Amino acid sequence: MIRRMTVEDVPRALEMAAIAYPKRRIAQGEDWMRWAVGHPDRLCLIGDEALGVASIVTRYGYERRSQLDLLANLNPRSFDPVRMLRAMIEWARLRQAVGVFKIDSDTGVDFGPFVRRLGGRAVTNKRYEVLL
């Protein structure tokens, strides 16, 4: 069952994220996760084997854009991530976000199968990086 995350869920959420992304320093995100759970422009969802966080950011003082911030799944056979993405997209629509719901990854995860299931499309942009 998928539901909105509460502050009490944060330890379990961090544990799940650490399992899903073992090379990331997930424990350092505890303050952010606690903040996100209570923020009106964040949707934090949790299930038995998955968690997800979406956000709406206001750009230029007026344009509300939505995106996936985090999606972690411990069971590759689970449909919870797709259900979470559907809920996030609907949440963004209801909050009057414009344009697209952005789904990308800085962890190497290929979201293609999820996006196709949701009726989305792949977008290819030139991406540039400067090492810090």
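Worth saying up front: this structure is predicted, and the values here are computed from it rather than measured.
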Quick one: list whatever passes side chain to side chain contact (heavy atoms under 4.5 Å, CB included) with Leu74, sequence neighbours left out.
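Result, side chain to side chain contact (heavy atoms under 4.5 Å, CB included) vs Leu74: Arg12, Met16, Ile19, Ala20, Glu49.
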Set of residues satisfying side chain to side chain contact (heavy atoms under 4.5 Å, CB included) with respect to Ile2, sequence neighbours excluded
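In terms of side chain to side chain contact (heavy atoms under 4.5 Å, CB included), with neighbours along the sequence ignored, Ile2 is linked to Leu45, Asp80, Arg83, Met84.
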Please report the closest heavy-atom contact between [X] and [Y], naming both atoms and the distance.
| X | Y | value |
| --- | --- | --- |
| Leu51 | Ala17 | CD2-N, 3.9 Å |
| Leu71 | Gly52 | CD1-CA, 4.1 Å |
| Tyr21 | Ala72 | CE1-CB, 4.0 Å |
| Asn73 | Ala50 | OD1-CB, 4.0 Å |

Salt bridge (charged side-chain N to carboxylate O under 4.0 Å, His left out) partners of Arg77, counting only residues at least two apart
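None.
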Only counting residues at least two apart or in another chain, list the ones meeting salt bridge (charged side-chain N to carboxylate O under 4.0 Å, His left out) with Arg4.
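Salt bridge (charged side-chain N to carboxylate O under 4.0 Å, His left out) check on Arg4 returns nothing, list empty.
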Co-membership, hydrophobic cluster, residues Val100 and Val53, 4.5 Å side-chain
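No; tracing contacts between hydrophobic side chains, which count when under 4.5 Å, never links both residues.
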If I take atom CD1 from residue Ile46 and atom CD from residue Glu8, how far apart are they, to the nearest 0.5 angstrom?
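These two atoms lie 11.5 Å from each other.
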Evaluate whether atom CZ of Arg25 has more than 12 neighbouring non-hydrogen atoms of other residues, nucleotides or ligands under 6.0 angstrom away.
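Result for CZ/Arg25: open.
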Side chain to side chain, [X] and [Y], heavy atoms closer than 4.5 Å:
| X | Y | answer |
| --- | --- | --- |
| Gln67 | Phe101 | no |
| Val98 | Glu63 | yes |
| Leu68 | Met88 | yes |

Residues sharing Tyr60's hydrophobic cluster, by side-chain heavy-atom contacts under 4.5 Å among ILVMFWY, directly or via others?
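ILVMFWY cluster around Tyr60 also holds Tyr62.
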Expected list for residues 29-43: side-chain donor-acceptor pairs under 3.5 angstrom, two or more places apart:
unit_1	atom_1	unit_2	atom_2	d
Glu30	OE2	Arg34	NE	3.1
Glu30	OE2	Arg34	NH2	3.0
His39	ND1	Asp41	N	2.9
Asp41	OD1	Arg95	NH2	2.3

